[in-house]
Amino acid sequence: ILKLNNVSGEASENTRTCEECGSETDREYIIWIESAEMEVCEDCTVFCDDREENILQSDAIYNNHSGEYHHRDDLDI
């Protein structure tokens, strides 16, 4: 989807496709996930306190005791 900036015909792309779920998302709400090297929507991420960054939900393990998410690669399971 292109957003027209003015009447002279200039346009800019204002949506991106989430590389995890495929949904179209406003570019303001796309997040770069370093561990997966991909751009994803906010719905596909959680904050990992150990790494102090967002990670993919599919890579996250929730700890009921601490109430925090951990990256599955950081755990010995």
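Minimum heavy-atom separation, Cys18 to Cys41: SG-N, 3.3 Å. Closest non-hydrogen pair, Trp32 versus Glu39, comes out as CE3-CG, 3.7 Å. Considering every non-hydrogen atom in both Asn54 and Ile33, the closest pair reads O-CD1, 3.7 Å. Minimum interatomic distance between Ser35 and Ile55 (heavy atoms only, all atoms of both residues): OG-CG2, 4.3 Å.
Here OG of Ser23 is found 10.5 Å from CD of Glu42. Values are rounded to the nearest 0.5 Å. In this structure, CG in Asn63 is found 7.5 Å from CD in Glu68, a value given to the nearest 0.5 Å. One distance of note links CD of Gln57 with OG1 of Thr45; it measures 7.0 Å at 0.5 Å rounding. A distance of 11.0 Å separates OH of Tyr69 from CG of Asp49, quoted to the nearest 0.5 Å. Here the CD1-OG1 distance, from Ile30 to Thr17, works out to 7.5 Å after rounding to the nearest 0.5 Å.
With a 4.5 Å cut-off on side-chain heavy atoms, Asp73 and Asp59 do not count as touching. Under the 4.5 Å side-chain criterion, counting only non-hydrogen atoms from C-beta, His71 is not in contact with Asp50.
In the hydrophobic clustering of ILVMFWY residues, with side-chain heavy atoms under 4.5 Å counting as a link, Ile31 and Met38 come out together. Under the 4.5 Å side-chain heavy-atom criterion for Ile, Leu, Val, Met, Phe, Trp and Tyr, Val46 and Tyr62 are members of the same hydrophobic cluster.
For Tyr29, the OH atom counts as loosely surrounded, since its 6.0 Å shell holds 12 or fewer non-hydrogen atoms of other residues, nucleotides or ligands.
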